[in-house]
There are 2 protein chains.
Amino acid sequence: MINEEILRNIKKHISLTEKETSFFISLITAKSLSKKALVLEAGQDCRYLSYVATGALRSYYTDKDGKESTIMFAIADWWITDMYCYLNKKPAMMNIETLEQSTIFQISRTNFDELLEKVPKFEKFFRILMQNAYTREQLRVMENLSSTAEERYQSFLIKYPQIVKQVTQKQIASYLGITPEFLSTLRKPKV
Amino acid sequence: MINEEILRNIKKHISLTEKETSFFISLITAKSLSKKALVLEAGQDCRYLSYVATGALRSYYTDKDGKESTIMFAIADWWITDMYCYLNKKPAMMNIETLEQSTIFQISRTNFDELLEKVPKFEKFFRILMQNAYTREQLRVMENLSSTAEERYQSFLIKYPQIVKQVTQKQIASYLGITPEFLSTLRKPKV
DNA sequence: CGAATTTCTTAAGGTACCTTAATTTTTTTT
DNA sequence: AAAAAAAATTAAGGTACCTTAAGAAATTCG
């Protein structure tokens, strides 16, 4: 059964009784999505937090000039949403799209609140999830401030080898904050 | 009593019984620090999470060339540490220093673990703390990727007016990822 | 208070990365 | 398998931001 994946993800950090497990399952919805499907559109209410079972998603921000900046990639076993807007009921700032055919599980904000209230154990799970997300972003800020584009690219290759296989260079460039043209010159063997 | 501050901070998100309150108080230590005191040194074990009661602290990363990047500022009512290293028992990557005479409360990693275990309510508190920290960092990444230095500076002035009063331009520049010289040209009225 | 230190400013020359545009390669769609 | 679309490469010219350096202003400290 495909639910296995998401349950294993949760049981990495907390253990659940059968009752809690089935309650959790009752709060999530599975979705099968084709490539290039828009999971969240900027300006809309961000109602869902998504867990990626298979495939790959990308969240990105489009600025006033139409330039896209990739905020994050989410491949199998990652969670993704526009967290600020999901939690604070603000219109989404980001878009989220599938990069390939994907299967995801979603939990609505309402069900998320209910889950935390009825099974406080999930506070711990999400505390750890947020903690990991926070430290990951902080490290990214640190690297962005202190390294050159070339160093950041090399570091990305080492840190996310699986993502590298699933996304285009154009998307990696927009995650690193450089143009695809410049990334191309970085990749070019020197001499 | 000076404890009031930190308790009010916690009670914004969870309510505590008297017993829980005194248990929490027993786990924290107050420290009074003069200006330019080193609260954490890169390479050392990051044993404490600090709450700033009064004053101002700054965490920063020093790269191989000696260039400093400010990771965050913490003024009154903020929490600060090298979170990744605190949680994962890794040697600190960052330094943390006071920018003025400050009073802080610290909780050691051991006591932090004990607190979460004995008073699970704190899972919720730290879930929210991490959640806010995560969304703040993600927004910063988004801005860093999509805005010019001038836009980021203006946004900083609006977002953190109190911090602006307590830190130097050199420190703001290193938070924005630019040189103080360039920040100076940005500030100069244009004709 | 005065001396020392640090911060801020200004300016000239330099570089990492961008823009535009054209070509090639790869992927997607029919 | 052909046609269309998207991604990747290459290159020339441009700009945002950096480096170095020196003087002015502000802050710290004896």
Side-chain angles (χ1 to χ4, degrees), chain A residues 33-38 55-56 58 60 62-70 73 97-102 143-157 163-191, chain B residues 33-38 55-56 58 60 62-70 73 97-102 143-157 163-191:
Chain A
L33 301 162
S34 60
K35 187 169 180 170
K36 287 192 188 174
L38 205 55
R58 171 177 88 106
Y60 61 97
T62 307
D63 72 15
K64 52 181 167 16
D65 307 322
K67 198 186 80 183
E68 289 182 8
S69 301
T70 295
F73 296 110
E97 66 175 14
T98 55
L99 301 178
E100 55 186 70
Q101 138 70 34
S102 305
E143 248 190 301
N144 283 175
L145 294 178
S146 62
S147 311
T148 63
E150 174 150 31
E151 289 165 340
R152 280 179 279 140
Y153 175 60
Q154 290 303 331
S155 160
F156 186 89
L157 295 180
I163 294 179
V164 173
K165 289 179 197 156
Q166 291 180 262
V167 309
T168 65
Q169 278 168 227
K170 190 183 168 186
Q171 288 153 1
I172 294 176
S174 100
Y175 177 94
L176 297 175
I178 60 177
T179 59
E181 292 83 358
F182 186 58
L183 177 55
S184 190
T185 68
L186 293 181
R187 286 164 47 81
K188 196 172 158 184
K190 284 156 191 171
V191 180
Chain B
L33 302 161
S34 60
K35 188 169 180 171
K36 286 191 186 175
L38 205 55
R58 172 178 88 107
Y60 61 96
T62 306
D63 73 14
K64 52 182 168 14
D65 307 322
K67 197 185 78 183
E68 289 182 6
S69 302
T70 295
F73 296 110
E97 66 176 13
T98 55
L99 301 178
E100 54 187 71
Q101 139 70 33
S102 306
E143 248 191 301
N144 284 174
L145 294 178
S146 61
S147 312
T148 63
E150 174 150 32
E151 290 164 339
R152 279 179 279 140
Y153 175 59
Q154 290 303 332
S155 160
F156 186 87
L157 295 181
I163 294 179
V164 173
K165 292 179 195 157
Q166 292 182 262
V167 311
T168 65
Q169 279 168 226
K170 190 182 168 188
Q171 287 155 0
I172 294 177
S174 99
Y175 177 94
L176 297 175
I178 59 178
T179 59
E181 291 83 357
F182 186 59
L183 177 56
S184 190
T185 69
L186 294 182
R187 285 163 48 81
K188 195 171 158 185
K190 283 156 192 169
V191 181

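Chain letters run A, B, ... following the sequence lines, proteins first and then strands; every chain starts at 1.
With contacts defined as side-chain heavy-atom distances shorter than 4.5 Å, the pair L99(A)/F73(A) qualifies.
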Each nucleotide in nucleotides 15-30 of chain D should get exactly one letter: B, S or -. Can you fill that in based on protein heavy atoms under 4.0 Å? --BSBBB------S--
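When the C1' atom of dT29(C) is taken as reference, atom CD of Q101(A) falls 17 Å away, rounded to whole Å. With rounding to whole Å, K170(A) atom NZ is found 7 Å from dA6(D) atom C1'.
An OP1 or OP2 oxygen of dT9(D) is reached within less than 4.0 angstrom by a side-chain nitrogen or oxygen of R187(A). In this structure, Q169(A) does not reach the dT26(C) phosphate: none of its side-chain N or O atoms is under 4.0 Å from OP1 or OP2.
For the atom pair K35(B) NZ and E97(B) CD, the distance stands at 10.0 Å (nearest 0.5 Å). Rounding to the nearest 0.5 angstrom, the gap separating the CD1 atom in I178(A) from the OG1 atom in T185(A) is 7.5 Å. From S146(B), atom OG reaches atom CG of D63(A) across 5.5 Å, with rounding to the nearest 0.5 Å. Here the straight-line distance linking atom OG1 of T148(A) with atom CG of L186(A) works out to 8.0 Å at 0.5 Å rounding.
Residues satisfying the side chain to side chain donor-acceptor pair (under 3.5 Å) test with Y153(A), not counting sequence neighbours, are R187(A).
For S102(A) (side chain) and A56(A) (main-chain N/O), a donor-acceptor pair under 3.5 Å exists by modelled atom type. Of the possible polar contacts, none joining the S147(A) side chain to the R152(A) backbone as a donor-acceptor pair under 3.5 Å is found.
The rotation axes computed at either terminus of the helix from dC1(C)-dG30(D) to dT30(C)-dA1(D) lie 70° apart, taking five pairs at each end and rounding to 10 degrees.
The residue T168(A) sits close only to the backbone: its heavy atoms come under 4.0 Å of sugar-phosphate atoms, none of a base.
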